[in-house]
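In listed order, ligands and their atoms are each counted from 1.
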Amino acid sequence: MKKIISLLILPIFLFTGCTFKKSMSTYDKIIKNDTLVVGVKTDTKPFGFINEKTGKNEGYDVDVAKYIVRDLLGSEDKITFVSVTPNTRLEAVTSGNVDMVIATMSVTPQRQLLIDFSVVYYVAGQTAVVKKSSNINTFHDLKNKKVIIVIGTTAEQNIKRVVPKVKILGYKTYEEAFDALKKGKGDAFITDDTILSDFVYKNNDYKMLKGKLSIEPYAIGLKKDESQKLKQAVDAIIRRMNKDGTLKYLNRKWHMN
Ligand code: GLU
């Protein structure tokens, strides 16, 4: 009798075992495929851009990604970069198209509902650039003015919190947004100081406004995962990058701070 019962139970067990089989964690997928797929920016100097001569991905975020892959898989060659924008980076993570996003992405409570974040690896601040010749000197001078932002960034909510009466002009990429600014379509462009300083350096008829609209803590975006395996590994790597001086070195290399 015992034998019959166990024979009856076995197929049920196998069936349910199959049906409810948990999908593989991102960490296990990375190890199995021996490849790390990372979403980075390609139009945001100096964090994520394409070197025009070599055609290769470069920047602060790209260097962070390379350190992580060396640690996880033992070689820099085992990385695949996928281009993301502020508007596509969350979905790239939630869909599993990338294993992680390293793309000047700030930790926010809204984003934390959708994805997990690593510990912070860089702290930026948000401000605005305007024409030097304009009479805009403070954020409050932007009242009723046209402000350019990149869709999917924190800029819109940050400026509206301080100056509710602004007209927002949203663009999909930094390239388009900077182009619009140069063509005079808006009075100011708002994003992180890390990104604006490169623009001001190259366009000296523009200035950055003093003060900060917000603090922007950059962290790595990860798919929500109960096991927390990848988050634990990535957090440990970032803490090591902090301890061994790598983050300080990257700040110097990419002229941050
Ligand atoms: N760090 C800000 C954000 O996460 C703005 C810069 C950007 O992401 O492009 O929205």
Side-chain angles (χ1 to χ4, degrees), residues 38-50 57-65 81-94 98 100-129 139 142 147-163 166 168-181 186 188-201 206 208-209 211-223 238 247 250-251 254-257:
V38 185
V40 289
K41 289 194 173 168
T42 47
D43 68 349
T44 311
K45 265 185 184 162
F47 276 78
F49 60 97
I50 300 287
N57 295 81
E58 278 187 19
Y60 193 116
D61 286 338
V62 171
D63 284 345
V64 171
F81 290 113
V82 172
S83 174
V84 295
T85 66
N87 203 29
T88 65
R89 61 191 165 187
L90 284 177
E91 219 240 313
V93 173
T94 54
V98 300
M100 60 183 66
V101 155
I102 314 179
T104 68
M105 183 156 61
S106 310
V107 182
T108 70
Q110 293 96 322
R111 290 174 184 161
Q112 277 174 317
L113 296 175
L114 300 171
I115 61 168
D116 280 342
F117 282 98
S118 70
V119 291
V120 171
Y121 64 90
Y122 186 89
V123 180
Q126 208 160 74
T127 185
V129 282
F139 297 120
L142 291 172
V147 168
I148 295 170
I149 57 121
V150 175
I151 299 163
T153 66
T154 47
E156 180 169 356
Q157 83 185 47
N158 285 338
I159 185 63
K160 280 188 171 164
R161 192 169 24 86
V162 179
V163 189
V166 285
I168 300 289
L169 296 179
Y171 290 88
K172 277 193 182 150
T173 65
Y174 276 93
E175 224 170 307
E176 286 168 15
F178 280 126
D179 192 52
L181 180 69
F189 179 20
I190 294 181
T191 190
D192 298 347
D193 48 7
T194 45
I195 300 165
L196 293 176
S197 40
D198 183 70
F199 177 79
V200 171
Y201 176 71
Y206 288 86
M208 256 199 264
L209 293 190
K212 297 277 177 280
L213 275 176
S214 63
I215 297 296
E216 301 289 323
Y218 292 176
I220 298 174
L222 305 164
K223 193 172 182 172
I238 294 174
L247 292 180
L250 291 182
N251 288 343
W254 296 108
H255 309 293
M256 291 295 118
N257 301 334

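For Asp192 and Tyr218, the side-chain atoms include at least one donor-acceptor pair closer than 3.5 Å. Checking Tyr122 against Asn251 by side-chain atom types alone, no donor-acceptor pair falls below 3.5 Å.
The contact set between ligand 1 and Met105, taken as ligand atoms under 4.0 Å from a residue heavy atom, comprises 4 (O). Which parts of ligand 1 touch Tyr218 is read off a 4.0 Å heavy-atom cut-off, strictly below it: atoms 1 (N). Remark: ligand 1 atoms within the under-4.0 Å shell around heavy atoms of Pro86 are 9 (O). Close approach to Gln126 involves these atoms of ligand 1, each under 4.0 Å from a residue heavy atom: 5 (C). Applying the 4.0 Å criterion to heavy atoms of Thr153 picks out, from ligand 1, the atoms 5 (C), 7 (C), 9 (O), 10 (O). Close contacts between ligand 1 and Tyr174 involve ligand atoms 6 (C), 7 (C), 9 (O) [criterion: under 4.0 Å to a heavy atom]. Heavy-atom proximity to Glu216, at under 4.0 Å, picks out these atoms of ligand 1: 1 (N), 2 (C). Those atoms of ligand 1 with a heavy atom of Lys41 less than 4.0 angstrom away are 7 (C), 8 (O), 9 (O).
Contact of the Ile50 side chain with the Asn57 side chain is registered, since non-hydrogen atoms from C-beta on lie closer than 4.5 Å. With contacts defined as side-chain heavy-atom distances shorter than 4.5 Å, the pair Thr153/Tyr174 qualifies. For the pair Asp43 and Glu176, the minimum side-chain heavy-atom distance is 4.5 Å or more. The side-chain heavy atoms of Ile195 and Lys41, taken from C-beta on, include a pair separated by under 4.5 Å.
When non-hydrogen atoms are compared, ligand 1 lies under 4.0 Å from the side chain of Arg111 (C-beta onward) but not from its backbone. Contacts of Glu156 with ligand 1, taken as heavy-atom pairs under 4.0 Å, are absent altogether. Looking at Ser106 against ligand 1, both its backbone and its side chain come within 4.0 Å, counting heavy atoms. With a heavy-atom cut-off of 4.0 Å, Asp192 touches ligand 1 through its side chain alone. With a 4.0 Å heavy-atom cut-off, ligand 1 is reached by the backbone of Thr104 and by its side chain too.
To the nearest 0.5 Å, atoms CE (Met100) and CG (Asp116) are separated by 12.0 Å. Atoms OG1 and CZ, on Thr42 and Phe49 in that order, are 11.0 Å from each other to the nearest 0.5 Å.
Ser118 and Ala219 get closest at one heavy-atom pair: O-CB, 3.4 Å.
When the options Thr191, Thr194, Asn158, Thr104 are evaluated for a side-chain hydrogen bond (donor to acceptor under 3.5 Å, both in side chains) with Glu216, the one that passes is Asn158.
Residue Thr191 places a heavy atom less than 4.0 Å from ligand 1.
Annotation: atom 8 (O) of ligand 1 to nearest protein heavy atom, Arg89 NH1, 2.7 Å.
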